[in-house]
Trainee: 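One structure follows; several queries about it will come next.
Note that the coordinates shown come from a computational prediction; the quantities given were computed from them, not determined experimentally.
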Amino acid sequence: MRRLRLHWIVTPGTLLAWHRWLVKRKWTYPNASGRPPAPVEVRALVEQMARQNPRWGYRRIQGELLGLVLQP
């Protein structure tokens with residue numbers, strides 16, 4: 001085994017360190033801040049609709065809001 005190690009260009013530890021470094025560079029998103037917050041008016045409207053219509057789920061409220069936006 002020692003004779004084989006003499007012919008290695010890099011050690012297994014070095015290879016693993018390179019791999020960790022490449023994966024870290026590829027799969028990190030340092031500037032991802034996420035979705036911007038909804039305006040206060042929209043949040044208030046959603047809360048009002050949810051209070052006034054307790055049986056509606058989020059999908060129904062979303063559909064009603066889309067109807068408001070798409071009306072000419």
Side-chain angles (χ1 to χ4, degrees):
M1 185 69 172
R2 285 185 182 254
R3 278 201 281 170
L4 288 176
R5 283 188 184 173
L6 294 175
H7 300 290
W8 284 356
I9 296 172
V10 294
T11 64
T14 304
L15 190 61
L16 288 173
W18 288 346
H19 183 263
R20 281 191 298 269
W21 181 77
L22 286 172
V23 168
K24 186 173 84 170
R25 281 189 61 213
K26 172 76 176 167
W27 296 111
T28 58
Y29 305 100
N31 296 329
S33 60
R35 181 183 297 217
V40 175
E41 297 86 9
V42 173
R43 281 187 273 164
L45 181 59
V46 169
E47 290 172 2
Q48 177 185 351
M49 291 174 78
R51 270 194 310 277
Q52 291 175 352
N53 306 289
R55 291 185 175 196
W56 287 6
Y58 73 94
R59 289 219 175 197
R60 174 72 186 267
I61 294 174
Q62 179 186 19
E64 293 293 327
L65 291 172
L66 281 174
L68 291 174
V69 171
L70 298 177
Q71 287 181 355

Trainee: Of all residues at least two apart in sequence or in a different chain, which pass the side chain to side chain contact (heavy atoms under 4.5 Å, CB included) check with Arg59?
Mentor: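 Side chain to side chain contact (heavy atoms under 4.5 Å, CB included) check on Arg59 returns nothing, list empty.
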Trainee: Please table the atom pairs, donor to acceptor, closer than 3.5 Å between any side-chain atom in residues 12-23 and protein atoms at least two apart or in another chain.
Mentor:
| residue | atom | partner | partner atom | Å |
| --- | --- | --- | --- | --- |
| Thr14 | OG1 | Thr11 | OG1 | 2.9 |

Trainee: Between side-chain atoms of residues 40-58 and protein atoms elsewhere (two or more places apart, or another chain), which donor-acceptor pairs fall under 3.5 Å?
Mentor:
| residue | atom | partner | partner atom | Å |
| --- | --- | --- | --- | --- |
| Arg43 | NE | Ala38 | O | 3.2 |
| Arg43 | NH2 | Ala38 | O | 3.2 |
| Asn53 | ND2 | Met49 | O | 3.1 |

Trainee: Rounded to the nearest 0.5 Å, what separates atom CG in Leu66 from atom CD1 in Ile61?
Mentor: 12.5 Å
